[in-house]
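Note sheet for the following structure.
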Amino acid sequence: MRLLIDTHLLLWAAATPERLSPRAVARLEATDNRLLFSAASLWEIAIKAALGRSDFTVDPRRLRQGLIDNDYEELPLTGAHAGALADLPAIHKDPFDRILIAQAKVEGLTLLTADATLARYGAPVEVV
């Protein structure tokens, strides 16, 4: 299965893995899953770190390299992803979460997240 990993799960896996649920760990470690991260997550980390958010202290460049070194696939942002935002209901206001949902839908991926609000979008979201 191809899994798009949301920003918080990426941060937790990199810096505080004890925050990951056992189910999240199992999904991330399953050898039959292909793990992807979005360029939007790196953008989110850079912006929120610059704003002084204490939960976004990881250097996005180092995180990106670490993910690539651990066989994660990078998913760039495209116009198709941006266009798909128009089809999403206004469930979540965070633009970064909304683009991850749009990317998952367009690319046929499952979005793995710890954010229960995102589950209201239905498939392709999996809360762990």
Side-chain angles (χ1 to χ4, degrees):
M1 178 176 281
R2 296 173 60 215
L3 301 173
L4 179 59
I5 312 304
D6 89 344
T7 307
H8 275 98
L9 291 180
L10 291 172
L11 289 170
W12 295 345
T16 53
E18 64 277 4
R19 293 191 67 182
L20 295 170
S21 72
R23 187 169 168 197
V25 171
R27 298 296 270 151
L28 293 173
E29 292 180 351
T31 58
D32 57 336
N33 288 333
R34 278 185 49 207
L35 306 178
L36 293 91
F37 69 96
S38 173
S41 289
L42 300 176
W43 182 25
E44 177 179 16
I45 292 165
I47 287 173
K48 291 182 177 177
L51 293 172
R53 290 269 307 261
S54 63
D55 52 340
F56 288 85
T57 59
V58 172
D59 180 324
R61 293 164 293 221
R62 291 187 63 206
L63 177 60
R64 178 182 181 271
Q65 191 58 56
L67 292 167
I68 290 169
D69 290 347
N70 284 284
D71 297 323
Y72 282 68
E73 180 181 329
E74 184 172 5
L75 179 63
L77 289 170
T78 69
H81 300 148
L85 290 169
D87 300 329
L88 294 180
I91 294 171
H92 205 294
K93 294 182 183 184
D94 186 310
F96 297 106
D97 287 330
R98 290 177 56 80
I99 197 67
L100 293 178
I101 295 280
Q103 286 184 296
K105 286 183 175 284
V106 168
E107 301 296 332
L109 306 170
T110 297
L111 176 62
L112 204 63
T113 183
D115 187 342
T117 302
L118 295 181
R120 293 177 45 207
Y121 284 100
V125 177
E126 181 181 338
V127 178
V128 293

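The model shown is predicted, which means the values in this text are computed figures rather than measured ones. Positions are given from 1 along the sequence.
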Check Asp55 with Arg19, please: is the shortest side-chain N to carboxylate O separation under 4.0 Å? no
Taking the side chain as everything from C-beta on, heavy atoms only, tell me whether Leu75 gets closer than 4.5 Å to Glu107. yes
Between Leu77 and Gln103, is any pair of side-chain heavy atoms under 4.5 Å apart? yes
Distance check, rounded to the nearest 0.5 Å: [X] atom [atom1] versus [Y] atom [atom2]?
X: Leu28; Y: Ile5; atom1: CG; atom2: CD1; answer: 5.0 Å
X: Leu67; Y: Arg62; atom1: CG; atom2: CZ; answer: 12.0 Å
X: Glu44; Y: Asp97; atom1: CD; atom2: CG; answer: 6.0 Å
X: Arg2; Y: Asn33; atom1: CZ; atom2: CG; answer: 11.5 Å
X: Leu88; Y: Ile101; atom1: CG; atom2: CD1; answer: 7.0 Å
X: Ser41; Y: Leu9; atom1: OG; atom2: CG; answer: 9.5 Å

State, to 0.1 Å, how close [X] and [Y] come at their nearest heavy-atom pair, and which atoms those are.
X: Thr117; Y: Ile91; result: O-CG2, 3.9 Å
X: Pro60; Y: Leu42; result: O-CD2, 3.6 Å
X: Pro17; Y: Ala15; result: CD-C, 3.6 Å

Do [X] and [Y] sit in the same hydrophobic cluster, where Ile, Leu, Val, Met, Phe, Trp and Tyr count as joined when their side-chain heavy atoms come under 4.5 Å apart?
X: Leu35; Y: Leu112; answer: yes
X: Leu109; Y: Ile99; answer: yes
X: Leu118; Y: Leu36; answer: yes
X: Leu11; Y: Leu100; answer: no
X: Leu85; Y: Phe96; answer: yes

Among all residues two or more places apart in sequence or in another chain, which pass the salt bridge (charged side-chain N to carboxylate O under 4.0 Å, His left out) test with Arg61? Asp59
Would you check, one step at a time, whether the test side chain to side chain contact (heavy atoms under 4.5 Å, CB included) holds for Thr113 with His8? CA-CA 8 Å; Thr113 183; His8 275 98; over 6 Å; no
Under the criterion side chain to side chain contact (heavy atoms under 4.5 Å, CB included), I'd like the reasoning laid out for Leu63 against Phe37: C-alpha separation, chi angles, the key distance, then a yes or no. CA-CA 10 Å; Leu63 177 60; Phe37 69 96; over 6 Å; no
Enumerate donor-acceptor pairs with a distance under 3.5 Å from any side-chain N or O in residues 119-128 to protein atoms, sequence neighbours excluded.
residue	atom	partner	partner atom	Å
Tyr121	OH	Pro89	O	3.3
Tyr121	OH	His92	N	3.2
Tyr121	OH	Arg98	NH1	3.1
Glu126	OE1	Arg27	NE	3.4
Glu126	OE1	Arg27	NH2	2.7
Glu126	OE2	Arg23	NH2	3.2
Glu126	OE2	Arg27	NE	3.0

Would Ile47 and Trp43 satisfy side chain to side chain contact (heavy atoms under 4.5 Å, CB included), going step by step from the backbone distance to the final call? CA-CA 6 Å; Ile47 287 173; Trp43 182 25; 3.0 Å; yes
